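Input: a single structure, listed below in structure tokens.
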2 protein chains.
Amino acid sequence: MSSSSPSPFAHLPEPPYYVVAFSSCRTDRDDGYGNMADAMVELASRQPGFLGIESARGDDGFGITNSYWRNEDSIRAWKAVVSHAAAQELGRERWYAHYRVRIARVDRAYGFDCPG
Amino acid sequence: MSSSSPSPFAHLPEPPYYVVAFSSCRTDRDDGYGNMADAMVELASRQPGFLGIESARGDDGFGITNSYWRNEDSIRAWKAVVSHAAAQELGRERWYAHYRVRIARVDRAYGFDCPG
């Protein structure tokens, strides 16, 4: 991945693999959110079984982050890491008014790239 | 769902159900995109097996739409409807430079709501 202009798309292997779909509404508090979000992505990318991550947030504060994982064990381990980090200092409740997490097994994938 | 200020969160039943994770990069062409996107959501919501949809797009043009479905049959039927609509007039290639679709079975879900 180029550091100058990384693609927002995750480069994933063939299915099966797993997705953690994290939907959230931001609070009005900034308060280090950007640093936390960057740190979480950095932390995730060093976890065993991490495959990739995609993230988008609109001006209304609603965002979706889909992170991709090799198997359920790697997701469980990641959740433990997040919980530990949150308990220590991050505190999701500081930044998120609401969130929903759905864990799913990807069985099929396809795509399209603009020719040229 | 209130029409004045609908929640961006989908209200989903207990798992299992299915998610179609649609990641895309917009082209520079506007060209009716907003109307198409609204029409697709409206069309999806009338499909058998449709459970809900969540969508976010950032200023960089990268967006994620996660739509939720009862089962794989309803996803297949929806894909046929989209393909038909696209062939007729919508033409995803007009608006999307790249997209990726991943179809996954949700087995677990949890969340958090800010108290008060």
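If you're wondering where the values come from, they're calculated on a predicted model, not measured in any experiment. In what follows, chains are A, B, ... by sequence order, proteins preceding strands, each numbered from 1.
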Problem set entry | Side chain to side chain, A/V101 and B/F112, heavy atoms closer than 4.5 Å | no
Seminar exercise, completed: Residue from A/I103, A/V106, A/N66 scoring the most non-hydrogen pairs under 4.5 Å with chain B is A/I103
For this session: Please state whether the side chain, the backbone, both or neither of B/Y18 comes within less than 4.5 Å of a heavy atom of chain A.
Result: neither
Exercise. Just how far is it from atom CZ of A/R57 to atom CD1 of B/I64, taken to the nearest 0.5 Å?
Worked result: 10.5 Å
Exercise. Do you reckon B/L43 sits in the same ILVMFWY cluster as B/L51, going by side-chain contacts under 4.5 Å, direct or chained?
Worked result: no
Exercise. Going hydrophobic residue to hydrophobic residue with side-chain gaps under 4.5 angstrom, can you get from A/V81 over to A/M40?
Worked result: yes
Exercise. Of all of B/P15, B/G58, B/P16, which one pairs up most often with chain A through heavy atoms under 4.5 Å apart?
Worked result: B/G58
Problem set entry | B/R26 atom CZ, over 12 foreign heavy atoms within 6.0 Å | yes
Exercise. Which atoms form the tightest heavy-atom contact between A/F9 and B/C25, and what is the distance?
Worked result: CZ-N, 3.7 Å
For this session: Report whether A/V82 and A/Y68 are members of the same hydrophobic cluster (ILVMFWY, side-chain heavy atoms less than 4.5 Å apart, transitive linking).
Result: no
For this session: Using a 4.5 Å cut-off on heavy atoms from C-beta on, say whether the side chain of A/D59 contacts that of B/D59.
Result: yes
Problem set entry | Path from A/Y110 to A/Y17 over hydrophobic side-chain contacts below 4.5 Å | no
Problem set entry | Pairwise side-chain contact, A/V19 with B/R102, heavy-atom cut-off 4.5 Å (strictly under) | no
Problem set entry | Region of A/R105 in contact with chain B, defined by heavy-atom distances below 4.5 Å | both
Exercise. Atom NE2 in A/H11, atom CZ in B/R100: separation rounded to 0.5 Å?
Worked result: 8.0 Å
Exercise. How far apart are the closest heavy atoms of A/F62 and B/S55, and which atoms are they?
Worked result: CD2-O, 3.4 Å
Exercise. Given a strict heavy-atom distance threshold of 4.5 Å, which part of B/R108 is in contact with chain A: side chain, backbone, both, or neither?
Worked result: both
Exercise. Looking only at heavy atoms, which two atoms of A/A56 and B/G63 are closest? And how far apart?
Worked result: CB-CA, 3.9 Å
Exercise. Hey, any chance A/L12 and B/Y99 share a hydrophobic cluster, counting ILVMFWY side chains that come within less than 4.5 Å of each other, even indirectly?
Worked result: no
